[in-house]
**Q** 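Right, I'll just put the structure down here and ask away after.
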There are 2 protein chains.
Amino acid sequence: MAATTPTRGGSSLPDFVTPAIGPVEAGTLARRFSALADPVRIQLLSIVASRGEVCSCDLTRPLAKSQPTISHHTTVLANAGLIVGEKRGRWTWWRLAPEARAEVRRMLGGPGS
Amino acid sequence: MAATTPTRGGSSLPDFVTPAIGPVEAGTLARRFSALADPVRIQLLSIVASRGEVCSCDLTRPLAKSQPTISHHTTVLANAGLIVGEKRGRWTWWRLAPEARAEVRRMLGGPGS
DNA sequence: CGCTTTCATCGACACCTGTGAATGTGTTGG
DNA sequence: CCAACACATTCACAGGTGTCGATGAAAGCG
């Protein structure tokens, strides 16, 4: 027999490996990571994080994207629970979601590399 | 005048906001998050992290995916620098990349929620 | 030497996603 | 009121991505 045989029908372990993370939680995590898997959204989050509060009209120029695109990205980030928007007057002000604030700053400025 | 006017052509700040994260670094981060933006890869990483060393043939059944699909996901994770593969005999053994080990465990088991 | 096993690659398909023009909705200001 | 503005929504399209069957390459086994 080989030195170290992969888990076939071995008796030491069940037929299949029990994942430490189940499919449901994996989907939740993947969906959250998907919200961060876009350069525009990373920069958008970075701007919101650095300025505290930003309206959409202040995002189109630095991100060099059209207004519908910016609106799309803010919606994605909001649905992921990373930012929250408040309509004041005719502007929508975006800031980091309080619950995700620490995590976002860790993701962006943390030991990413 | 409105209470708080968005940064238009204001004189207190430059015409456009300087993002705390530039486009290049944003792309790097986004690419890394893209590798985690899939439920199968999250579970795959979780299995590798919990068992230390796994060969591809031990992944097809718990993940309920075909062999080419597993090969695709391991390639993606390896290209992202999250896992490393070593060919021993006819099996390819996967384990967490040493540089990314702490980060991966934080991503999966950390205060993700 | 064949035969099997393990994995990677290719090709094809369905699906998802980022993008922007056009349009709609609500608000402000004259 | 009506015009201008900020933003969301709709629609359409190009490109990316997950998936698997088929095929190929490399390594062990009899």
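Residue numbering restarts at 1 for every chain, and letters A, B, ... go by the order of the sequence lines.
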**Q** Apply side-chain contact (heavy atoms from CB on, under 4.5 Å) to the pair H72(A) and K65(A), showing each step before the final yes or no.
**A** CA-CA 11 Å; H72(A) 163 66; K65(A) 298 294 172 192; over 6 Å; no

**Q** Show the numbers, then the answer: is there a side-chain contact (heavy atoms from CB on, under 4.5 Å) between L82(B) and V76(B)?
**A** CA-CA 9 Å; L82(B) 296 174; V76(B) 171; over 6 Å; no

**Q** K65(B) side chain: which of dC20(D), dT4(C), dG20(C) is closest?
**A**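 So the side chain of K65(B) is nearest to dC20(D).
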
**Q** Nearest of dT28(C), dT6(C), dA8(C) to any side-chain atom of R90(A)?
**A**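 Looking only at side-chain atoms, R90(A) lies closest to dT28(C).
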
**Q** Within the side chain of S46(A), is there an N or O that forms a donor-acceptor pair under 3.5 Å with the backbone of I42(A)?
**A**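 Not confirmed, S46(A) side chain does not pair with I42(A) backbone.
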
**Q** Report the distance from atom CZ of R61(B) to atom P of dT5(C), rounded to the nearest whole Å.
**A**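 That distance rounds to 13 Å.
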
**Q** Taking C-beta and beyond as the side chain, do L45(B) and I21(A) meet within less than 4.5 Å on heavy atoms?
**A** no

**Q** Under 3.5 Å, is there any donor-acceptor pair linking the side chain of Q67(B) to the base of dA8(C)?
**A** yes

**Q** Roughly, in whole Å, what's the span from CZ in R88(A) to C1' in dC7(D)?
**A** 15 Å

**Q** What is the separation between atom NE2 on H73(A) and atom C1' on dG20(C), rounded to the nearest whole Å?
**A** 11 Å

**Q** Is there a donor-acceptor pair under 3.5 Å between the side chain of T60(A) and the backbone N or O of S56(A)?
**A**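 No; zero donor-acceptor contacts below 3.5 Å.
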
**Q** Report the distance from atom NZ of K87(B) to atom P of dC7(C), rounded to the nearest whole Å.
**A**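 Value for this atom pair: 10 Å.
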
**Q** Taking atom P of dT17(D) as reference, at what distance in whole Å does atom CZ of R31(A) sit?
**A**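 Spelled out: CZ on R31(A) to P on dT17(D) is 19 Å.
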
**Q** Identify, between T69(B) and T92(A), the residue whose nearest nucleotide on DNA chain D lies closer to the 5' end.
**A** T92(A)

**Q** Take the protein atom CG of L36(B) and the nucleotide atom P of dT17(D), then report the distance between them rounded to whole Å.
**A** 14 Å

**Q** Are side-chain heavy atoms of V84(A) and R95(A) found at a separation under 4.5 Å?
**A** yes

**Q** Starting at CH2 of W93(A) and ending at C1' of dC7(D), how long is that distance when rounded to a whole Å?
**A** 14 Å

**Q** Do F33(A) and M107(A) come close enough that some side-chain heavy atom pair is under 4.5 Å?
**A**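 SC-SC contact between F33(A) and M107(A) confirmed.
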
**Q** So what stems show up for DNA chain D if we need 3 or more Watson-Crick or G-U pairs in a row, all under 3.5 Å?
**A** C:1-30 with D:1-30

**Q** How do A64(A) and S71(B) order along DNA chain C: which one's closest nucleotide is nearer the 5' end?
**A** S71(B)

**Q** Taking the side chain as every heavy atom from C-beta outward, state whether L36(B) and L29(A) have any atom pair closer than 4.5 Å.
**A** no

**Q** Are V40(A) and T69(A) close enough that some pair of their side-chain heavy atoms sits under 4.5 Å apart?
**A**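 No, every pair of side-chain atoms sits at 4.5 Å or beyond.
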
**Q** Looking only at side-chain N and O atoms, does S66(B) come under 4.0 Å of OP1 or OP2 in dT19(D)?
**A** no

**Q** Would you kindly give the CD-to-P distance between E86(A) and dC7(D), to the nearest whole Å?
**A** 13 Å

**Q** Under 3.5 Å, which protein N or O atoms sit close to an N or O of nucleotides 10-17 of chain C? Give each pair with its distance.
**A**
none

**Q** Under a 3.5 Å distance rule, please check whether R41(A) uses its side chain to pair with a backbone N or O of A30(B) as donor and acceptor.
**A** no

**Q** Which part of the nucleic acid, if any, lies within reach of S56(B) when heavy atoms closer than 4.0 Å are counted: base, sugar-phosphate only, or nothing?
**A**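 Sugar-phosphate contact only - S56(B) comes under 4.0 Å of backbone atoms but never of a base.
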
